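Before any comments, here is the structure.
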There are 2 protein chains.
Amino acid sequence: MPSMGTSEPRSITGRVFTLLGVFSESRPTATLSELSRSAGLPLSTTHRLVGELIHWGALERDPGGGYHIGLRLWELGALSPGSFGLREAAMPFLEDLYEVTHENVQLAVRDGLEAVYVERISAHHAVNVVTRPGTRLPLHATGVGLVMLANASRAVQEHALATPLRRFTSRTISTPAGLRRVLAAVRRDGYVVSVGQIELITQSVAAPVHGQDGEVAAGLSVVVPVDADVRLLVPAVRAAARGISRALGAPRCVR
Amino acid sequence: MPSMGTSEPRSITGRVFTLLGVFSESRPTATLSELSRSAGLPLSTTHRLVGELIHWGALERDPGGGYHIGLRLWELGALSPGSFGLREAAMPFLEDLYEVTHENVQLAVRDGLEAVYVERISAHHAVNVVTRPGTRLPLHATGVGLVMLANASRAVQEHALATPLRRFTSRTISTPAGLRRVLAAVRRDGYVVSVGQIELITQSVAAPVHGQDGEVAAGLSVVVPVDADVRLLVPAVRAAARGISRALGAPRCVR
DNA sequence: GACGAGTTTCCGTTGAACGGAACAGCTTTG
DNA sequence: CAAAGCTGTTCCGTTCAACGGAAACTCGTC
C-alpha cells in the first residue's frame, strides 16, 4: 500500500483511493470538508471527485450531509479471493466450530506482516474481542498471525524478525528470539495457543488453513477467556482447519 | 449505477470503475486483454490503469498472469453500512437462527429494485441456495425482497409495480396485481412465506429488520426445502429480526 | 443582521492521461 | 522448426479531462 505520509498523489486514481482511504473503522462517515482536509485536496477538487464516486456507487451520502462507503465497493470487495473463495468455502466449518464451542471464531489472511480478519462469528455471551472483518493486527501478536507467519516464506519470516515487534500487553512477544522460538513450536505442533497477546483477558487457539498449492492461505482461531481450558479446543480447531483446507483443494500431504 | 451499455466513460474514475466492474461472480479473474476488451479500452490504457489499481491494492495479479479484486477493496467495502453496522449487529442473531434451524439464514439490503445479499450462513447439509454475499436478485422474487418492498416508500413500490416482473419459475409472481396482493399481505402479517420463486425446490420465511429511524433497513430470511413445515420457523425468524432491529436502535413501536 | 463554516458552481489554464506503434515473449499450428 | 497468433510491455508526441481559486449560496449560531 503506497505511503500517504508523503506528498499527495497527483494521479486521479491515487486521489480517488486517498479519498476512499479517509474512511476507517474509527471514521466510517466524513463530511466533504473532512474528506478534503484529510486527503489534502482542494475543496472543489474533492467535491468533483466525490461526485463521481457517488455516481459509481463507491460512496453514498447521508441525509445529514456525511459520506460513507457505498454498497458498490462492498460488492466489488466481495469478489476478492479472501471473500469469494476462502470465506465461502470456510463458512460451514466456521459454523461447526462455533456450535461446538460457542466462542468467537475467526478467519484471517496475511497481508505483509499483518493479519487481516475476513470473518468473525461471535455470540451474545462470548468474550468480547477487538476484531471485526477488516481489522488488521500484527502477525506476531495473534494466533492466526503466528500460524501464517510460521509457514510463510523464509524472506517473510526474516522480515518479521527484523521489524520492531509492537507490544500490546506485558505478555506480547516482543523479541526476535522469543518469536523464533514460538514459530518453531508452531511448525512442530501444527497449531498455537496464543495467550494474552492483544488483551490480557483472552487467549486463542489457532491452526493453519492450506490452499490448493499447499501454501498456508489463512489462519483459523477460536478466542476464549484466558482462564478457559483449551485442551479440548485444539483438536476441534485443527479438524475445522483441515476441513477448510480440503474444501479449498489442498494437497493431502499438508492438510 | 451508470449504464455501461452506452459509450465507454472518458473520465478516469469512470474507466477505473468500468475495469473493476468487469469482475463478477461468474468472472472473478481476468487477463489484461480480457479487461481491455470487456471495458472497451485500448490495451496500453488498460495496462497503465491496471498498474495503478495494483499499486493501490484494488487489484492483485495471479502468478499465472490473471488479475483479481484486491484485499484493499474488500477492506474498504467492509466499511460500508451494510457490512460495518448492519451485518456486525446482525451476526449473533443470524447465528441464533442458524442454531435453532440448521438451515440457510440470509440477510439482504435493498438497492433500487434488487435485494443484495450481505450475509449468508449455510451448513453442509442445508438445501443448496443460489445466493452468496454480493448476489443480487429482484425484490419480488425473494422473501427478503418482499418484506423490504412492502415497507418501502410508495414511489419505490409504484416503480416496482410498473417494472416488468422477471419470472424464474412457474410460481414466480409475475403480475402487478399479484404483487400488490402479496405486498398487502406482508404488511398485514409482518412476515412472508415465499415459495418456489427462484427455484421450485425451496421456500423462505422472511421478516423485516428496522433501522434506528424505523425504516426497514434489511430483510432476514431462512431458506428451507419446499416440503418443509415452516409454521415453527415464523416466530423464530420474526424474533431474530426484532432482535437485530433492537440492536440497530429501532424505535419500539416498529420492531 | 453578522459571522463562521460548509457546500456548490464556474471557467481559463494545464499537465496527467492518452493510445498507436513498435517490440518482446509465449503458445499453437502446420 | 518457422510462421502465425495472441498477450503483455514500453515509449512519447499529442490533447482534453481535470484542475482549483474565486465567488456565490446555504445553514446554523449568536
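Remember, predicted model here, so these are calculated numbers, not experimental data. Each chain gets a letter, A, B and so on, in the order the sequences are listed, and its residues count up from 1. Values reported hereafter were calculated over all heavy atoms of this structure, with side chains retained and with hydrogens, waters and symmetry mates removed.
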N-O pairing of A/Glu119 and B/Arg87 below 4.0 Å: yes

Axial cation check for A/Phe84 ring with B/Arg132, 6.0 Å and 45° limits: yes

Sugar-phosphate only, base, or nothing, as touched by B/Ser11 at under 4.0 Å among non-hydrogen atoms: sugar-phosphate

Nearest-Å distance for atom pair CG/P, residues B/Leu49 and C/dG19: 9 Å

Sugar-phosphate only, base, or nothing, as touched by B/Ser33 at under 4.0 Å among non-hydrogen atoms: sugar-phosphate

B/Glu158 bridged to B/Arg180 by N-O distance under 4.0 Å: yes

Aromatic ring pairing B/Phe168/B/His140, orientation class (parallel under 30°, perpendicular over 60°, tilted between): tilted

Short side-chain N/O contact to C/dT9 OP1/OP2 from A/Arg48, under 4.0 Å: no

Spacing of B/His47 atom NE2 relative to D/dC11 atom C1', expressed in whole Å: 12 Å

Protein-nucleotide distance (A/Arg37, atom CZ; C/dA5, atom P), rounded to Å: 10 Å

Flag side-chain contact, heavy atom, 4.5 Å: A/Ser80 against B/Arg72: no

Integer-rounded Å distance: C/dG25 P and B/Leu32 CG: 17 Å

A/Arg15 side-chain N/O to D/dG20 phosphate OP1/OP2 under 4.0 Å: yes

Residue whose closest nucleotide on DNA chain C lies nearer the 5' end, A/Arg61 versus A/Thr13: A/Arg61

Integer-rounded Å distance: D/dG20 C1' and A/Ile12 CD1: 12 Å

Sugar-phosphate only, base, or nothing, as touched by A/Leu41 at under 4.0 Å among non-hydrogen atoms: nothing

Side-chain N,O (B/Arg10) to OP1/OP2 (C/dA17) below 4.0 Å: no

Sugar-phosphate, base or nothing in reach of A/Thr45, heavy atoms under 4.0 Å: base

Separation of atom CD in B/Glu52 from atom P in C/dA16, rounded to whole Å: 11 Å

For atom CG of A/Leu43 and atom P of D/dA23, their distance in whole Å: 16 Å

Among C/dA17, C/dG20, D/dT9, the nucleotide that comes nearest once only the side chain of B/Pro42 is considered: C/dG20

hbond_proxy A/Ser44 side chain to D/dG21 base (donor-acceptor, 3.5 Å cutoff): yes

Length of the CG-P vector between B/Leu35 and D/dT7, whole Å: 12 Å

